[in-house]
Amino acid sequence: MAGAEVSLAGWAHEIRDLGGICFLILRDREGFAQVTLAAKRVDKSLTETVRHLSRETIVLVKGDVKAEQKAPRGYEIIPTEITVLSKAESPLPMDPTGKVGADLDTRLDSRFVDLRRPSALAAFRIESAVMRSLRDFFYENGFIEVCTPKIVATATEGGTALFPISYFDKEAFLNQSPQLYKQILMSAGLDRVFEIGAIFRAEEHDTRRHLNEAVSIDVEVSFADHHEVMRLLEEAVARAYRYVSQSCTNDLEVLEIELEVPKTPFRRVTYTQALEMANEDRDAEIEWGDDLDTEAEKTIGKTMGEHYFITEWPTEIKPYYTQPEEERPEISKGFDLMHPKMELASGAQRVHDYDLLVKRIRDQGMDPDGFEFYLRSFMYGMPPHAGWGLGLGRLVLTMLDLENIRDAVLFPRDRRRLVP
Ligand code: AMO
């Protein structure tokens with residue numbers, strides 16, 4: 001655009017006053033532009049305005065583009081008009097250039113400034129690309145996007161981790177998972193649905209991979225078994241990696257990441273094999289039938305070294321909606337998708353038989369009466385079906401090797417944080 005007249009608005013990232021020449025570096029989400037005010041060529045009043053700008057003030061610059069090798073990206077703007085659109089107070093709550101580091105809490109308290117750092121923003125642009133690639137993938141594969149309610153009357157993932165809310169004169173909760181609704185939609189004949197939405201877990205965890213509000217990418221498919229939806233899941237994950245590696249080259253560069261697209265199919269290990277790996281050099285062995293703890297996940301992850309599935313879980317430790325194998329009902333058709341560092345998704349072929357489902361709910365110590373609205377959909381024609389839920393935050397966290405899930409969530413919710 002050399003020679004063109006442009007209007008450019010942005011944040012005053014840096015003002016460098018060298019006496020005879022003054023530089024204003026403007027920043028927006030796409031990067032930086034240099035505005036050059038040489039005493040000889042630019043009206044004195046403009047230079048005065050720039051000299052007195054506080055950092056992060058938003059200005060509108062009108063001027064001419066000039067090729068200049070020394071400027072960022074090889075161009076500068078010679079201004080003819082500068083308007084202050086919004087003045088920034090000083091001092092700033094944190095340094096948006098990232099030169100002065102800030103701890104996570106300070107960054108989250110002032111997220112609007114934190115996100116002005118290109119590396120903070122890059123993760124969210126990549127997250128957007130991940131959602132886009134997955135939506136594309138689902139639409140290409142015949143899925144319908146759905147929105148299920150987040151205010152609900154029952155627990156889905158067991159009764160413990162629920163957030164009660166006040167809902168007129170009734171007891172209500174924030175939904176832990178779209179699980180029951182996506183299953184009901186299979187009875188409705190929607191065949192293949194997906195949802196990208198919030199899930200709420202009242203867990204007391206304070207870890208780098210748990211939040212009390214997370215975004216889950218949920219899928220349900222009729223006339224499918226667990227094998228089929230595992231294939232769908234590994235293709236979805238690989239697709240997201242591939243899309244990011246092709247379309248987010250600038251953001252990956254900012255984050256200094258060379259993204260490797262995981263190869264499909266991912267390896268499948270059974271729960272029993274995983275248990276053997278976990279117990280290899282461990283003092284207190286995990287017994288068959290117990291859940292794999294964080295330490296176990298780490299040991300197995302090290303051995304595997306890439307994405308993998310854990311299959312053939314004991315029926316007892318999978319939720320009531322998980323279909324047991326016909327020949328050996330103590331083994332379920334549930335699975336987890338693992339990154340070497342953590343669990344990314346879980347899923348299963350579901351129970352579609354009404355009587356078995358009622359029994360499974362009872363066996364897990366719950367009252368089928370509370371599930372009436374769900375169970376009814378199994379009485380009038382429910383196809384066999386399978387599905388999964390994949391955590392968006394964890395997918396991005398592991399893809400970009402971030403320290404903390406809070407770096408992959410714009411406004412995280414945890415035990416201590418309810419604002420901003
Ligand atoms: P699950 O409870 O395993 O399964 O959740 C699915 C995925 O969602 C993400 N996730 C979380 N991420 C951050 N913080 C949390 N507190 C949190 N809880 C869950 C994880 C997890 O693997 N209904 C089933 C899914 C299904 O079978 O379709 C379910 O909710 O990445």
Side-chain angles (χ1 to χ4, degrees), residues 127 130 134 146 148 150 152 154-163 174-186 192-222 224-226 228-230 232-233 236-237 240 291-292 294 297 307-311 313 317-323 332-339 341-352 360 364 374 385-399 402 404-410 412-415 417:
E127 189 160 272
V130 165
L134 292 176
V146 297
T148 62
K150 303 305 158 209
V152 297
T154 45
T156 58
E157 306 299 311
T160 49
L162 272 172
F163 280 117
L174 293 177
N175 206 7
Q176 298 170 308
S177 158
Q179 184 64 37
L180 307 190
Y181 291 93
K182 55 181 190 167
Q183 288 193 261
I184 292 173
L185 292 175
M186 297 302 99
R192 304 179 142 231
V193 299
F194 81 95
E195 174 166 15
I196 302 180
I199 57 170
F200 303 92
R201 310 273 168 111
E203 291 155 352
E204 307 245 331
H205 291 133
D206 185 11
T207 76
R208 289 160 191 262
R209 61 204 163 92
H210 287 96
L211 288 173
N212 296 109
E213 178 179 326
V215 171
S216 166
I217 300 150
D218 267 276
V219 154
E220 206 65 33
V221 183
S222 282
D225 63 9
H226 50 309
E228 217 171 315
V229 293
M230 277 193 270
L232 186 80
L233 178 51
V237 169
D291 210 349
L292 302 172
T294 317
E297 282 181 4
H307 289 84
Y308 62 101
F309 284 105
I310 304 181
T311 60
W313 287 82
I317 54 170
K318 279 289 169 192
Y320 55 87
Y321 50 74
T322 311
Q323 174 82 27
S332 77
K333 296 188 180 182
F335 59 85
D336 282 1
L337 169 65
M338 308 296 296
H339 177 274
K341 287 196 176 149
M342 70 190 73
E343 177 199 308
L344 296 183
S346 44
Q349 183 182 330
R350 323 295 191 184
V351 177
H352 65 278
R360 294 271 294 134
Q364 295 207 346
Y374 166 65
H385 59 282
W388 41 259
L390 165 66
L392 176 65
R394 290 191 188 180
L395 178 60
V396 173
L397 160 70
T398 49
M399 179 185 278
L402 303 173
N404 195 309
I405 193 165
R406 290 162 183 77
D407 283 315
V409 174
L410 284 170
R413 290 289 174 262
D414 60 33
R415 272 205 70 191
R417 186 172 287 281

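Each ligand, and each atom within it, is numbered from 1 in the order the structure gives. Side-chain atoms are counted along with the backbone in the values below, which use heavy atoms only and exclude waters and symmetry mates.
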G347 near ligand 1, heavy-atom distance under 4.0 Å?
-> yes
May I ask whether K182 has any heavy atom positioned less than 4.0 angstrom from an atom of ligand 1?
-> yes
How about [X] and [Y]: do any of their side-chain heavy atoms sit closer than 4.5 Å?
| X | Y | answer |
| --- | --- | --- |
| H307 | V237 | yes |
| V193 | M186 | yes |
| F335 | V229 | yes |

Indicate yes or no: does an N/O atom of [X] lie under 3.5 Å from an N/O atom of ligand 1?
| X | answer |
| --- | --- |
| A348 | no |
| L344 | yes |
| E203 | yes |

Hey, which atoms in ligand 1 end up nearer than 4.0 Å to a heavy atom of [X]?
| X | result |
| --- | --- |
| A345 | 22 (O) |
| S177 | 23 (N), 30 (O) |
| H210 | 14 (N), 16 (N) |
| G391 | 7 (C), 8 (O), 9 (C), 31 (O) |

For [atom], what's the nearest protein heavy atom and its distance?
| atom | result |
| --- | --- |
| atom 2 (O) of ligand 1 | R201 NH1, 2.8 Å |
| atom 10 (N) of ligand 1 | I199 CD1, 4.2 Å |
| atom 14 (N) of ligand 1 | L211 N, 3.0 Å |
| atom 21 (C) of ligand 1 | E343 OE2, 3.3 Å |
| atom 26 (C) of ligand 1 | Q179 OE1, 3.2 Å |
| atom 29 (C) of ligand 1 | E157 OE1, 3.6 Å |
| atom 7 (C) of ligand 1 | G389 O, 3.6 Å |
| atom 13 (C) of ligand 1 | R209 O, 3.4 Å |

Here the pair of heavy atoms bringing N212 nearest to E203 is ND2-O, 2.8 Å
With a 4.0 Å heavy-atom cut-off (strictly under), which part of [X] contacts ligand 1: side chain, backbone, both or neither?
| X | value |
| --- | --- |
| S346 | both |
| Q176 | neither |
| H339 | neither |
| N212 | neither |

Pair [X]-[Y], side-chain donor/acceptor within less than 3.5 Å:
| X | Y | result |
| --- | --- | --- |
| Q323 | S332 | no |
| Q183 | Y321 | no |
| T294 | R209 | yes |

About how many Å separate [atom2] of [Y] and [atom1] of [X], when rounded to the nearest 0.5 Å?
| X | Y | atom1 | atom2 | answer |
| --- | --- | --- | --- | --- |
| N175 | T154 | CG | OG1 | 7.5 Å |
| F309 | L344 | CZ | CG | 9.5 Å |
| K333 | Q349 | NZ | CD | 4.0 Å |

Of all residues at least two apart in sequence or in a different chain, which pass the ring pair (Phe, Tyr, Trp, His ring centres under 6.0 Å) check with W313?
-> Y271
Partner set under side-chain contact (heavy atoms from CB on, under 4.5 Å) for R208, not counting sequence neighbours | E403, N404
Backbone N or O of E343 within a donor-acceptor pair of the R394 side chain at under 3.5 Å?
-> yes
Kindly identify the option in W388, F200, Y321 whose heavy atom sits closest to atom 24 (C) of ligand 1.
-> Y321
